[in-house]
Amino acid sequence: MPSAVRDYYETLGVDKGAAPDEIKKAYRKLARKYHPDLNPGDKTAEQKFKEINEAYGVVGDQKKREEYDRFGKTPFEAGGPWYENSKAPQYEDIFEFGMGDIFGDIFGKTAHPGSSHNKGSDILMRLTISLEEAFSGTQKTVTINREIGCQSCQGSGAEAYETCQKCKGSGKIQTSKGFFRMQQPCPECGGSGKKITRVCRACSGRGKTISAETVRVKIPAGVDNGSKVKLKGRGNTGAGGGPSGDLFIEISVTPHPAFKRENDDLFVEVPLTFGEAALGARIEVPTLDGSAMMTVPAGTQGGQRFKLSGKGFPSPKTGSRGNQYVSIKIAVPKDVPGRAKEAIREIETLYRENPRKGLFSA
């Protein structure tokens, strides 16, 4: 092993008592920074990369780390008990924990070389419900078309197949990238290890068929327009034995003729007669859980708003309810009989306050 590294912990930038995960994290960060493929032609980066790998090859292995902590670098130098292992190429062993992790960090995503167990795609469908159903919650039955594994070929897409000659049935081939030796899915068979000789006639080789299924969906109380209900595993079937996707039900709430909703609050307009507004009254008002009694004080004006606490929508997150706001509208009759007209005129003579006073003042 090269002797350029002074202290393995110092090289990785960690303390001697660092946990294995901390050491691994530090190593991966430095490996990304000094990787030769990301620093072409930079001899300094290449040397640094070798030193990092040398350090991690020791302190990243529990047994070697214990020897290093007790005896220093001596066991890893020529003649030491770890020398034969340490002088072998380190790169393949060091990165055995997952090339997908390294290249995922370098290129910004997680890769899983050789994996064909892919999750199925999700399904999105829209469901329209009433405001009352959104308020109390409901259950609906919906029919979906989803991909399932073909029963005829058990999802393989083939009625007959043979062993892939390129990978000898392993589904993987060895490749090299700079210092790295790694495995990747065989391009000839797509990582399955088999080549189709006769395509399944039931699914035309796709390995999947479309199935119409009826699903019972529970809609929780308090949902609103755009809310989504998730049914795990009810999406399209995955590939290679991978898990199925999910079914998402997006909710659309039909507008109500009387109630308007803003977040968890409800708004409704209630008409009053002239007498109820002038003299005050106890009236019945609608709510989504039935009628409620409300006292209107004397002298109530049109447009005035009253609050009924806790009569709004339940929050899907907390369960607590919003409020209901009642706006007053003075109902004026269109057809007034003779005696009523005389009574109204008499009231007008007694009502001496000008409601438009000051409206036109400068």
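Note that this is a predicted model, so its numbers are computed, not measured.
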Heavy-atom pair with the smallest gap, counting every atom of [X] and [Y]:
{"X": "Asp265", "Y": "Asn323", "value": "OD1-N, 2.9 Å"}
{"X": "Lys218", "Y": "Val229", "value": "O-CG1, 3.8 Å"}
{"X": "Val253", "Y": "Ala134", "value": "CG2-CB, 4.1 Å"}
{"X": "Ser152", "Y": "Cys200", "value": "CB-SG, 4.0 Å"}
{"X": "Phe135", "Y": "Ala221", "value": "O-CB, 3.4 Å"}
{"X": "Thr11", "Y": "Glu51", "value": "CG2-O, 3.9 Å"}

Quick one: pull up [atom1] in [X] and [atom2] in [Y] and give me the separation to the nearest 0.5 Å.
{"X": "Tyr56", "Y": "Ile23", "atom1": "OH", "atom2": "CD1", "result": "8.0 Å"}
{"X": "Lys311", "Y": "Gln324", "atom1": "NZ", "atom2": "CD", "result": "8.5 Å"}
{"X": "Ile344", "Y": "Phe274", "atom1": "CD1", "atom2": "CZ", "result": "8.0 Å"}
{"X": "Glu250", "Y": "Lys228", "atom1": "CD", "atom2": "NZ", "result": "5.0 Å"}
{"X": "Ile328", "Y": "Ile283", "atom1": "CD1", "atom2": "CD1", "result": "5.0 Å"}
{"X": "Ile173", "Y": "Cys189", "atom1": "CD1", "atom2": "SG", "result": "9.0 Å"}

Donor-acceptor pair, side chain of [X] and main chain of [Y], under 3.5 angstrom:
{"X": "Asp122", "Y": "Leu247", "answer": "no"}
{"X": "Thr197", "Y": "Ala160", "answer": "yes"}
{"X": "Asp61", "Y": "Gly57", "answer": "no"}

Flag if over 12 foreign heavy atoms under 6.0 Å of CZ, Arg345: no

Partner of Ile251 by side chain to side chain contact (heavy atoms under 4.5 Å, CB included), out of Val223, Thr128, Val217: Val223

Donor + acceptor pair across side chains of Asp69, Tyr8 (<3.5 Å): no

Donor on one side chain, acceptor on other, Arg65 and Tyr9, under 3.5 Å: yes

Would you check if [X] and [Y] make a side-chain contact, meaning some heavy-atom pair closer than 4.5 Å?
{"X": "Thr254", "Y": "Leu131", "result": "no"}
{"X": "Cys186", "Y": "Cys164", "result": "yes"}
{"X": "Leu30", "Y": "Phe49", "result": "no"}

Name of the residue among Lys166, Lys195, Lys172 meeting salt bridge (charged side-chain N to carboxylate O under 4.0 Å, His left out) with Glu188: Lys195

Should the pair [X]-[Y] be classified as a salt bridge under the 4.0 Å nitrogen-to-oxygen rule?
{"X": "Lys208", "Y": "Glu147", "value": "yes"}
{"X": "Lys50", "Y": "Glu54", "value": "no"}
{"X": "Asp289", "Y": "Arg321", "value": "yes"}

Leu124: hydrophobic cluster co-members (side-chain, 4.5 Å): Phe248

Co-members of the apolar cluster containing Tyr325 [side chain, <4.5 Å]: Phe267

Stepwise side-chain contact (heavy atoms from CB on, under 4.5 Å) test for Val268 and Val285: CA-CA 9 Å; Val268 65; Val285 298; 5.9 Å; no

Identified side-chain hydrogen bond (donor to acceptor under 3.5 Å, both in side chains) counterpart of Ser121 within the set Asp246, Asn236, Thr237: Asn236

side-chain contact (heavy atoms from CB on, under 4.5 Å) assessment of Leu288 paired with Glu132: CA-CA 7 Å; Leu288 284 180; Glu132 290 87 350; 4.1 Å; yes

Chi angles and distances behind the side-chain contact (heavy atoms from CB on, under 4.5 Å) call for Lys140, Ile129: CA-CA 9 Å; Lys140 294 287 187 179; Ile129 62 175; 4.0 Å; yes

Sequence-distant partners of Ala277, side chain to side chain contact (heavy atoms under 4.5 Å, CB included), two or more places apart: Leu272, Ile330

Pair Ile219-Leu127, side-chain contact (heavy atoms from CB on, under 4.5 Å): steps then yes or no: CA-CA 10 Å; Ile219 310 298; Leu127 179 65; 4.1 Å; yes

